Protein chains: 2
Amino acid sequence: MKKGLTATMEDYLEAILFLKREKRVVRVKDIACVLGVRLPTVTSMLQSLGERGLVEHEKYDYVDLSPEGEVLAREVSRRHQVIKDFLEDVLGVEPQKAEEDACRMEHAISPETLERLVKFTEFVFLCPRGGRQWIEQFQQFCSRGLSKEECAAHIRAFIEGLEKKVRAIETGEEVRKVVTLKDLEPGKKGKVTAIKGKGGLRKRLLDMGIVPGTLVEMERVAPLGDPVEVRVKGYHLSLRKEEAEEVYVEEI
Amino acid sequence: MKKGLTATMEDYLEAILFLKREKRVVRVKDIACVLGVRLPTVTSMLQSLGERGLVEHEKYDYVDLSPEGEVLAREVSRRHQVIKDFLEDVLGVEPQKAEEDACRMEHAISPETLERLVKFTEFVFLCPRGGRQWIEQFQQFCSRGLSKEECAAHIRAFIEGLEKKVRAIETGEEVRKVVTLKDLEPGKKGKVTAIKGKGGLRKRLLDMGIVPGTLVEMERVAPLGDPVEVRVKGYHLSLRKEEAEEVYVEEI
DNA sequence: CTCCAAAGTTAGATAAATCTAACTATCATA
DNA sequence: TATGATAGTTAGATTTATCTAACTTTGGAG
Ligand SMILES: [Mn+2]
Ligand SMILES: [Mn+2]
Ligand SMILES: [Mn+2]
Ligand SMILES: [Mn+2]
């Protein structure tokens with residue numbers, strides 16, 4: 001009876017969630033606009049989604065997600081984000097192409113592959129053999145290949161960096177700039193090193209996946225520094241200023 | 001008039017190409033079996049594909065691809081292969097899951113992203129900071145994360161390997177085992193170092209994408225060593241023994 | 001308060017991809 | 001050569017997602 005959602009249905013849920021984040025209310029017309037379809041198409045799909053208990057929609061009124069619909073919409077949105085991050089940050093695909101591809105691939109990826117992709121993207125940025133520099137070398141490889149001389153020079157420079165890093169690890173000394181999450185600039189990535197908070201607040205952060213070793217990316221800081229929006233393992237999180245101050249990160 | 005193919009149509013073309021490679025003739029029933037649909041569904045789709053000039057099919061007779069259909073089928077098949085290789089060899093997704101995901105994602109990836117993925121997979125195996133060892137470390141990271149001690153030990157071992165490699169590059173000395181393509185074992189990957197052949201034969205190999213620096217994977221060697229089937233940038237190539245003997249590769 | 005433009009709905013059509021049921025052709029072998 | 005099992009086709013139904021045309025509701029300007 002309760003068959004899985006079609007790709008199209010997933011896109012409607014995703015669009016509604018997106019619009020809820022953008023504006024305070026969601027109208028049929030907004031959905032039509034975001035998805036590039038006509039009004040009756042939306043009315044008709046809202047009918048189907050309503051019957052499945054995923055959206056709430058009284059005739060002529062605003063549209064909203066049901067609690068179950070919101071859960072599913074967040075899952076779709078996360079798949080989208082994970083794929084987009086990989087395409088953009090690892091492969092270096094143009095942002096708009098990455099966006100388009102992610103919104104098609106999000107319906108085709110299995111949960112197993114998704115989690116691998118999350119881990120891989122994290123690994124590339126956290127692993128001492130990967131990281132920014134390595135990805136930059138990939139971008140170069142894309143445009144003009146690798147000559148032996150460039151290769152040798154890169155390796156020499158890289159060995160130097162690694163030796164510094166391994167000494168730092170062995171002596172326990174920190175080489176990176178350590179800041180709290182609230183100080184991480186939008187667009188920057190950081191690795192969680194510790195969580196200061198006590199009791200419930202600490203637990204809440206850990207539950208959200210903010211644990212030492214995790215990669216976080218700052219998305220947006222609201223005008224007064226509250227709330228801050230971050231991305232962790234593809235999840236979009238909104239943290240209060242007090243929470244963000246409890247999380248130590250080292251910039252990557 | 002000539003709109004693009006639907007995902008479903010692509011799957012039919014891919015299935016027909018697959019069956020042509022497996023057996024000598026393709027029957028309606030085989031396609032139905034491969035795609036898990038009933039016979040009339042296939043008849044009906046062959047009708048549509050026939051009208052577009054992509055398949056040749058006389059009533060009650062065998063099915064074949066038209067030249068244009070074969071070109072498209074090869075493109076689909078290549079997308080499938082590129083994605084599967086990435087999922088399996090880089091992310092370490094289980095072969096069957098990789099297969100299923102690839103066959104869904106192949107319809108969602110743009111040409112730009114596909115070429116990036118080809119280059120990335122190649123880069124991971126060819127780049128001195130990537131390679132087998134690095135991917136193995138990723139698999140470990142997936143299962144149990146990275147402890148500081150493991151990290152330090154890995155880096156030390158890795159630096160040693162890199163130093164050996166950089167000396168080899170600088171002195172021009174070869175450290176890898178160099179063989180000709182015909183000696184590469186099935187499942188093994190190699191990097192093309194040189195092409196011996198002269199004139200037309202050499203040109204043919206270069207045209208197929210077999211140029212120095214390229215990653216090739218041996219797929220199958222026929223009983224008498226002729227032909228050999230290899231994969232280059234996602235393309236499936238069949239080489240005669242004489243051709244394979246002209247290509248030098250270093251095992252990876 | 002009235003009225004009209006914009007937003008939304010209803011009705012009905014179309015295209016794609018599938019199915020079942022019923023019919024037909026092919027071909028091996030008795 | 002006759003014939004039945006297997007393969008294939010035709011016809012007609014269903015589901016999903018879309019559209020246009022025509023109708024209805026809502027809410028703001030005058
Ligand atoms: Mn989508
Ligand atoms: Mn999306
Ligand atoms: Mn497919
Ligand atoms: Mn496929």
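Letters A, B, ... are given to chains in the order of the sequence lines, protein chains preceding strands, and every chain is numbered from 1. All figures in this text were calculated on a predicted structure; none of them were measured in a lab.
- In this structure, the NZ atom of Lys29(B) is 14 Å from the P atom of dT9(D), given to the nearest Å.
- Applying the ring pair (Phe, Tyr, Trp, His ring centres under 6.0 Å) test to every pair with at least one member in residues 4-42 of chain A, sequence neighbours left out, gives no pairs at all.
- Between the side chains of Ser44(B) and Thr41(B), no donor N or O sits under 3.5 Å from an acceptor N or O.
- A straight line from CG of Leu35(B) to P of dC19(C) spans 10 Å, rounded to a whole angstrom.
- The interatomic distance linking Leu5(B) (CG) with dA17(C) (C1') rounds to 15 Å, in whole Å.
- Salt-bridge formation is detected for the pair Arg74(B)/Glu70(B): a Lys NZ or Arg NE/NH1/NH2 atom is positioned less than 4.0 Å from an Asp or Glu carboxylate oxygen.
- Between Leu46(B) atom CG and dG8(D) atom P there is a gap of 10 Å when expressed in whole angstrom units.
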Discussion item. For a ring pair (Phe, Tyr, Trp, His ring centres under 6.0 Å) check, start with the C-alpha distance between Phe125(A) and Phe86(A), then their side-chain angles and the critical distance, and finish with the verdict.
Written reply: CA-CA 11 Å; Phe125(A) 285 96; Phe86(A) 169 74; over 10 Å; no
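- Sorted by first then second residue, the salt bridge (charged side-chain N to carboxylate O under 4.0 Å, His left out) pairs that include residues 53-68 of chain B, not counting sequence neighbours, are Lys20(B)-Asp64(B).
- Look at His57(B) and you won't find any side-chain N or O under 4.0 angstrom from OP1 or OP2 of dA7(D).
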Where do N or O atoms of nucleotides 16-20 of chain D meet protein N or O atoms at under 3.5 Å, pair by pair?
{"from": "dA17(D)", "atom 1": "OP1", "to": "Thr6(A)", "atom 2": "OG1", "distance (Å)": "2.3"}
{"from": "dT18(D)", "atom 1": "OP2", "to": "Tyr12(A)", "atom 2": "OH", "distance (Å)": "3.1"}
{"from": "dC19(D)", "atom 1": "OP2", "to": "Arg38(A)", "atom 2": "N", "distance (Å)": "3.0"}
{"from": "dC19(D)", "atom 1": "OP2", "to": "Thr41(A)", "atom 2": "OG1", "distance (Å)": "2.4"}
{"from": "dT20(D)", "atom 1": "OP2", "to": "Arg38(A)", "atom 2": "NE", "distance (Å)": "3.4"}

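- Between Glu75(A) and Arg78(A) there is no salt bridge, since no side-chain N of the basic residue sits under 4.0 Å from a carboxylate O of the acidic one.
- When the side-chain nitrogen and oxygen atoms of Thr43(A) are compared with OP1 and OP2 of dG8(C), none of them lie within a distance under 4.0 Å.
- Here the P atom of nucleotide dT26(D) and the OH atom of Tyr60(A) are 7 Å apart, to the nearest Å.
- Between Lys59(A) and the phosphate of dT10(C), there is a side-chain N or O to OP1/OP2 separation shorter than 4.0 Å.
- Atom P of nucleotide dA15(C) and atom CD of Gln47(B) are separated by 16 Å, given to the nearest angstrom.
- Atom pair Arg27(A):CZ and dT26(D):P shows a separation of 15 Å (rounding to whole Å applied).
- Atom pair Tyr62(B):OH and dA25(C):P shows a separation of 18 Å (rounding to whole Å applied).
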Worksheet item: Stepwise, does the side chain to side chain contact (heavy atoms under 4.5 Å, CB included) test hold for Thr113(B) with Met105(A)?
Response: CA-CA 11 Å; Thr113(B) 299; Met105(A) 295 203 250; 4.2 Å; yes
